[in-house]
Amino acid sequence: MGRIHSHRHGKAHSVRPVAPKAPEYAKKEEVEEAILRYAREGMTPSQIGVRLRDQHAIPLAKPVTGRTITETLAAADLLPEMPEDLASIVKKAVGLQKHLKAHRGDRRNVRSLELIEAKVHRLSSYYKRAGRIPQKWKYKSVIAQLE
């Protein structure tokens, strides 16, 4: 699959299991307990998934627990206030703004910042419809730099 704002194809990534079935050694209670423990330590849902995959040999949480990691966190009221993908894109935009302050002639990254901010607006409108962020939430570059 191609990238959204470039002419290049996708990035290298790990491959999901072909047949998502629960490993026989994985117990539902233990997996949910590990998910909640890692969330209390401050890990994001994707970091929790990587930790489950690498240290506990559980490729997917959903076949074991019946719920995704974010659903498990939502049930325990441990979901972060801003969705992980939106937070990372806002962080990326802030980093690019800092770069552009130091390097004002970098026209290519001015365009990149425009594309990133467009993606922030698309994602935020989706999460507003889904009810994950407040309806009054708005991305402003100056406020994002302060956070």
Q. Should side-chain heavy atoms under 4.5 Å link Ile, Leu, Val, Met, Phe, Trp and Tyr, which residues sit in the same cluster as V18?
A. none
Q) Going by heavy atoms in the side chains, are E33 and R37 under 4.5 Å from each other? A) yes
Q.
Please give me the minimum heavy-atom distance between P59 and P17, naming the atom from each residue.
A. CB-CG, 3.5 Å
Q | Heavy-atom pair of closest approach, residues Q47 and G42 | A | OE1-O, 4.4 Å
**Q.** Heavy-atom pair of closest approach, residues D106 and L100
**A.** O-CD2, 3.6 Å
Q: Would you mind reporting whether P63 and K21 have side-chain heavy atoms less than 4.5 Å apart?
A: no
Q: State yes or no: do L73 and L60 share one hydrophobic cluster built from I, L, V, M, F, W and Y residues joined by side-chain heavy-atom distances below 4.5 Å, directly or via other members?
A: no
Q: Would you indicate whether E81, at its atom CD, is surrounded by more than 12 heavy atoms from other residues, nucleotides or ligands within a distance under 6.0 Å?
A: no
Q: To the nearest 0.5 angstrom, please state how far the OG atom of S125 sits from the CD atom of Q135.
A: 10.0 Å
Q.
Rounded at 0.5 Å granularity, tell me how far CG in N109 sits from CD in E114.
A. 11.0 Å
**Q.** Cluster check V31, L79: I/L/V/M/F/W/Y, side chain < 4.5 angstrom
**A.** yes
(Q) So, taking the atom named CZ in R107 and the one named OG in S112, what distance separates them when rounded to the nearest 0.5 Å? (A) 12.5 Å
Q.
Is there a path of hydrophobic side-chain contacts, each under 4.5 Å between heavy atoms of I/L/V/M/F/W/Y residues, joining V64 to L36?
A. yes
Q) Which is it for M82 and Y127 under the side chain to side chain contact (heavy atoms under 4.5 Å, CB included) test, yes or no, and what are the steps along the way? A) CA-CA 9 Å; M82 184 182 287; Y127 282 125; over 6 Å; no
**Q.** Ion pair E32/R67, N-O distance below 4.0 Å
**A.** yes
(Q) Name the residue from R108, Q97, H99 that meets the side-chain contact (heavy atoms from CB on, under 4.5 Å) definition with L113. (A) Q97
Q: Check the angle between the aromatic planes of Y139 and H121 and answer parallel, tilted or perpendicular using the 30° and 60° thresholds.
A: perpendicular
**Q.** Derivation of the side chain to side chain contact (heavy atoms under 4.5 Å, CB included) call for Y38 and T44
**A.** CA-CA 8 Å; Y38 292 142; T44 63; over 6 Å; no
Q. Which atom names give the shortest non-hydrogen contact between P45 and E84, and what distance separates them?
A. CD-OE1, 3.4 Å
Q.
Rounded to the nearest 0.5 Å, what separates atom CD1 in I48 from atom CZ in R53?
A. 14.0 Å
Q) In terms of hydrophobic clustering (I, L, V, M, F, W, Y; side-chain heavy atoms under 4.5 Å; direct or indirect links), are M43 and I58 co-clustered? A) yes
Q: For K128, look at atom NZ and say whether over 12 heavy atoms of other residues, nucleotides or ligands are found less than 6.0 Å away.
A: yes
Q) In Å and rounded to the nearest 0.5 Å, what is the CD to NE2 distance from E30 to H56? A) 9.5 Å
Q | Pairwise side-chain contact, Y126 with I133, heavy-atom cut-off 4.5 Å (strictly under) | A | no
Q: Hey, could you give me the NZ/CD1 distance between K91 and I116, rounded to the nearest 0.5 Å?
A: 13.5 Å
Q) What are the two closest heavy atoms between S124 and L86, and how far apart are they? A) N-CD1, 4.3 Å
Q.
With a 4.5 Å cut-off on side-chain heavy-atom distances among I, L, V, M, F, W and Y, is there a chain of contacts connecting V110 to V90?
A. yes
